[in-house]
There are 2 protein chains.
Amino acid sequence: MSRVLVVDDDPQLSRALRITLRAAGYEVVNAADGRTALHEAAEEHPDLVILDLGLPDLDGTEVLAGLRPWFTGPVLVLSARVDSHDKIAALDAGADDYVSKPFDMGELLARLRALLRRGLGEADEPVVRTEHMTIDLVAKRVTVDGAVVRLTPTEWALLSELVRAPGRLIGQRQLLQSVWGPAYEKETHYLRVYMAQLRRKLEPDPARPRYLQTEPGMGYRFTP
Amino acid sequence: MSRVLVVDDDPQLSRALRITLRAAGYEVVNAADGRTALHEAAEEHPDLVILDLGLPDLDGTEVLAGLRPWFTGPVLVLSARVDSHDKIAALDAGADDYVSKPFDMGELLARLRALLRRGLGEADEPVVRTEHMTIDLVAKRVTVDGAVVRLTPTEWALLSELVRAPGRLIGQRQLLQSVWGPAYEKETHYLRVYMAQLRRKLEPDPARPRYLQTEPGMGYRFTP
DNA sequence: TCCCGGCGTCAAGGTCCCGTCAGGAAGGTT
DNA sequence: AACCTTCCTGACGGGACCTTGACGCCGGGA
């Protein structure tokens, strides 16, 4: 089950949250002020943090700022303030949701479920490897059989658009739009020319593409 | 920049949202009822959907249910209802956030930012699985018994129209209209030809279809 | 029994799409 | 100024795809 860190200095509310969350099947860790909150967050590896902005020692946004650089899970902010500026500030400081007090406990649980449903995103790999080649998306470098291959800017833009979604079909309109711009949506001929160049540079057998595949009438697909 | 689909039947609110979102740098696509909303969501690949629950044709939760099987981006629900039960129902139906009308535009934008900030890292595949095959609606890829099956654009358009509403009967007119266009409403022969091709490619026994079923005189149905 | 509408199958045209090659224009470098 | 890289554009052959027609099957109604 998921682990929730509750940061609140009001004993009554804190206790109510703990009981409700336990009943809903969560593990609960408590913190009554900002400093222990940061400590507990690092120690207990919670999946989600419920953070009350009204804390005795630190401002809630400071806790948020201390949390966000390294904590990747969702943070739900509780506050007695209903002013929009507070909400906007908290959300832009890294909060994923903002609930004003007093709140309905059932709604809070539903918002927790919605946040946790989104799951934990894994770190995406910036370099794509296949049997024959490696494509480094951040270094903008491609090697085929160990040798570095030079790509022109247009070739690279096209390739990276395909490689960013491995296995996914990308429509020709989307490719044209993101490589050449919205005005070139109909110039499908560009695609044919540059796909041919990419295949000549990357494919083991350019006549029968293994990685850069055509889906006639729809678009292209990179399959690792 | 991110693309937002706004589903709302109130022209004033819809216009206000469009202007505000455009000014904030988003691409905006509009839909005034549930059916065009589902269609536009499939067609335009928005990064996020703003969904008003009060629609003329479908209940908002039905739109949510039609969206969720394959749409992975965040959905923000707007509603005039402030009752907690409505919020809980919408959130558990797949919404990622719930904002009651009237709302502050700045807060809405902040909630949008929070949702998009989180949504970009994730890439869950919305696949429809049966015993024999998997249908990936985003990657536009179908596998039968582990082997990739190539579909032509028309075959794919027809299949996805059926698969997006699993178990539901889709009339021939609707199929013809959404695949070939409004001028082809009477060309039921096309349907027979392409359904046969789909069955030959997908069904274990094309003579006795298990997934793509005919409802004589009415339409077709995909049953998982 | 015969007729008829709806459905499934097959095959053949014709159109559109795709890959390839090559030549010329534009911009930057030596 | 000459050279190079890169991008755009046209022509052409081949293949994939869509359309269309013909035919057989089945069930319901005259």
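Just so it is clear, the structure is predicted and the values come from calculations on it, not from any experiment. Only this structure's heavy atoms are used, side chains among them; waters, hydrogens and symmetry mates stay out.
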Does the plane of the ring in A:Y211 sit parallel, tilted or perpendicular to the ring in A:H132? Use 30° and 60° as the thresholds.
perpendicular
One pair to check against side-chain contact (heavy atoms from CB on, under 4.5 Å): B:W156 and A:L169. What are the steps and the verdict?
CA-CA 12 Å; B:W156 180 257; A:L169 170 67; over 6 Å; no
Please classify the nucleic acid contact of B:R208 as base, sugar-phosphate, or nothing, using heavy-atom distances under 4.0 Å.
nothing
Basic-acidic side-chain contact under 4.0 Å: [X], [Y]:
X      : Y      : value
B:E203 : B:R200 : no
A:R210 : A:E131 : yes
B:K101 : B:D52  : yes
B:R113 : A:D92  : yes
B:R68  : B:D96  : yes
B:R199 : B:D205 : no

Provide, to the nearest angstrom, the distance between the [atom1] atom belonging to [X] and the [atom2] atom belonging to [N].
X      : N      : atom1 : atom2 : result
B:D205 : C:dG8  : CG    : P     : 14 Å
B:E203 : C:dG8  : CD    : C1'   : 14 Å
A:K186 : C:dC18 : NZ    : P     : 13 Å
B:L176 : D:dT19 : CG    : C1'   : 14 Å
B:R200 : C:dG8  : CZ    : P     : 12 Å
A:L212 : C:dT20 : CG    : C1'   : 16 Å

Below 3.5 Å between N/O atoms, which protein atoms pair up with nucleotides 7-10 of chain D? Just atom names and distances, please.
| unit_1 | atom_1 | unit_2 | atom_2 | d |
| --- | --- | --- | --- | --- |
| D:dC7 | OP1 | A:T154 | N | 3.0 |
| D:dC7 | OP1 | A:T154 | OG1 | 2.3 |
| D:dC7 | OP2 | A:T152 | OG1 | 2.6 |
| D:dC7 | O5' | A:T154 | OG1 | 3.3 |
| D:dC7 | O5' | A:Y194 | OH | 3.2 |
| D:dC8 | OP2 | A:W180 | NE1 | 2.9 |
| D:dT9 | OP2 | A:Y190 | OH | 2.2 |
| D:dG10 | N7 | A:H189 | NE2 | 3.4 |
| D:dG10 | O6 | A:H189 | NE2 | 2.9 |

D:dT6 OP1/OP2 closer than 4.0 Å to side-chain N/O of A:R150
yes
Is B:R173 close to B:K186 at the side-chain level, that is, under 4.5 Å between some pair of heavy atoms?
no
Evaluate the side-chain proximity of A:L112 to A:L76: yes if any heavy-atom separation is below 4.5 Å, no if none is.
yes
Using atom names, set out every protein N or O paired with an N or O of nucleotides 5-7 of chain C below 3.5 Å, distance rounded to 0.1 Å.
| unit_1 | atom_1 | unit_2 | atom_2 | d |
| --- | --- | --- | --- | --- |
| C:dC7 | OP1 | B:G217 | N | 2.7 |

Heavy-atom closest pair (A:L91 atom, B:A110 atom, distance to 0.1 Å) is CD1-CB, 3.7 Å
Please report the shortest heavy-atom distance between B:P224 and B:P166, naming the atom on each side.
CG-CB, 3.9 Å
Bend angle of the helix from C:dT1-D:dA30 to C:dT30-D:dA1, end axes from five pairs each (to 10°)
10°
Report all interatomic pairs (protein N or O, nucleotide N or O of nucleotides 28-30 of chain D) with separations under 3.5 Å.
none

Any donor-acceptor pair under 3.5 Å linking the side-chain atoms of B:S79 with those of B:Y98?
yes
Could you go step by step and tell me if A:Y220 and A:L212 meet the side-chain contact (heavy atoms from CB on, under 4.5 Å) rule?
CA-CA 7 Å; A:Y220 293 85; A:L212 301 169; 6.0 Å; no
Got a list of protein N/O to nucleotides 28-30 of chain C N/O distances below 3.5 Å?
none

Is the ring centre of A:Y194 less than 6.0 Å from the ring centre of A:W180?
yes
Under 3.5 Å, sequence neighbours excluded: what are the donor-acceptor pairs made by side chains of residues 141-155 of chain B?
| unit_1 | atom_1 | unit_2 | atom_2 | d |
| --- | --- | --- | --- | --- |
| B:T143 | OG1 | B:T134 | OG1 | 2.5 |
| B:R150 | NH1 | A:T214 | O | 3.3 |
| B:R150 | NH1 | A:E215 | OE1 | 3.4 |
| B:T152 | OG1 | B:E155 | N | 3.3 |
| B:E155 | OE1 | B:T152 | N | 3.0 |
| B:E155 | OE1 | B:K201 | NZ | 2.8 |
| B:E155 | OE2 | B:K201 | NZ | 3.4 |

